[in-house]
Amino acid sequence: ALRSGDSFRANSILKQLLDRDADDVLAGVMLGLQASRADEPAIADRLLGHAVGLAPGDPGTRLAMADHLMRGRRFAEALE
């Protein structure tokens with residue numbers, strides 16, 4: 001759905017995955033990045049923060065959080 005540009009459908013699928021397993025790191029990261037790009041920083045903070053908490057050593061998860069923080073011009077936090 002994301003490849004075809006259908007973000008509404010992609011978000012719906014990701015939300016269903018998180019409803020089934022709130023600790024699905026990949027779904028949380030993907031939905032968090034979608035929220036960040038849609039200028040919904042509070043939602044992105046929650047989703048990406050949870051994903052980083054579940055997988056603190058995963059570079060992709062941390063990079064997604066840094067990307068979100070940079071988008072919000074929160075440079076100091078992005079460097080942590």
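These figures come from a predicted structure and were not determined experimentally. Just so it is clear, the values below take in all heavy atoms, side chains as well, and ignore hydrogens, waters and symmetry mates.
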Participant: Return each pair, listed once, that meets side-chain hydrogen bond (donor to acceptor under 3.5 Å, both in side chains) where at least one residue sits in residues 18-27; pairs must be two or more places apart or across chains.
Facilitator: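 The answer is D23-H50.
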Participant: Look up atom CD in E80 and atom CE in M65, then write down how far apart they are to the nearest 0.5 Å.
Facilitator: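 With rounding to 0.5 Å, CD (E80) is 10.0 Å from CE (M65).
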Participant: In terms of hydrophobic clustering (I, L, V, M, F, W, Y; side-chain heavy atoms under 4.5 Å; direct or indirect links), are L14 and I43 co-clustered?
Facilitator: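 Looking at the clustering, I43 is in the same group as L14.
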Participant: Does one hydrophobic cluster hold both M70 and L63, with members joined at side-chain heavy-atom distances below 4.5 Å?
Facilitator: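 No: no chain of side-chain contacts under 4.5 Å links M70 to L63.
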Participant: Got a sec, which residues hit side chain to side chain contact (heavy atoms under 4.5 Å, CB included) with A64, two or more places apart in sequence or on another chain?
Facilitator: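 Listed in chain order: V29, L33, L48.
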Participant: For F75, look at atom CZ and say whether over 12 heavy atoms of other residues, nucleotides or ligands are found less than 6.0 Å away.
Facilitator: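 Yes, enclosed.
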Participant: Let me have the donor-acceptor pairs involving side chains of residues 52-61, under 3.5 Å, with sequence neighbours excluded, atom names and distances please.
Facilitator:
| from | atom 1 | to | atom 2 | distance (Å) |
| --- | --- | --- | --- | --- |
| D58 | OD2 | T61 | N | 2.9 |
| D58 | OD2 | T61 | OG1 | 2.5 |

Participant: So which heavy atom on G28 is nearest to which on L47, and how close?
Facilitator: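 Heavy-atom minimum between the residues: O-CB, 3.7 Å.
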Participant: Locate the shortest heavy-atom distance separating S36 from A44; write the atom from each residue and the value.
Facilitator: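 Smallest heavy-atom distance, with atoms named: N-CB, 3.7 Å.
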Participant: Are the side chains of H68 and R74 in touch, meaning some heavy atoms are under 4.5 Å apart?
Facilitator: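 With C-beta onward as the side chain, the pair touches.
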Participant: Measuring from M30:CE to L18:CG, what's the distance to the nearest 0.5 Å?
Facilitator: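 Spacing of CE (M30) from CG (L18) equals 10.5 Å.
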Participant: Would you compute the distance between atom CG of L26 and atom CG of L17 and round it to the nearest 0.5 angstrom?
Facilitator: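 It comes to 8.5 Å.
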Participant: Rounded to the nearest 0.5 Å, how far does CZ of R37 lie from CG of D67?
Facilitator: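 Result: 6.0 Å between the selected atoms.
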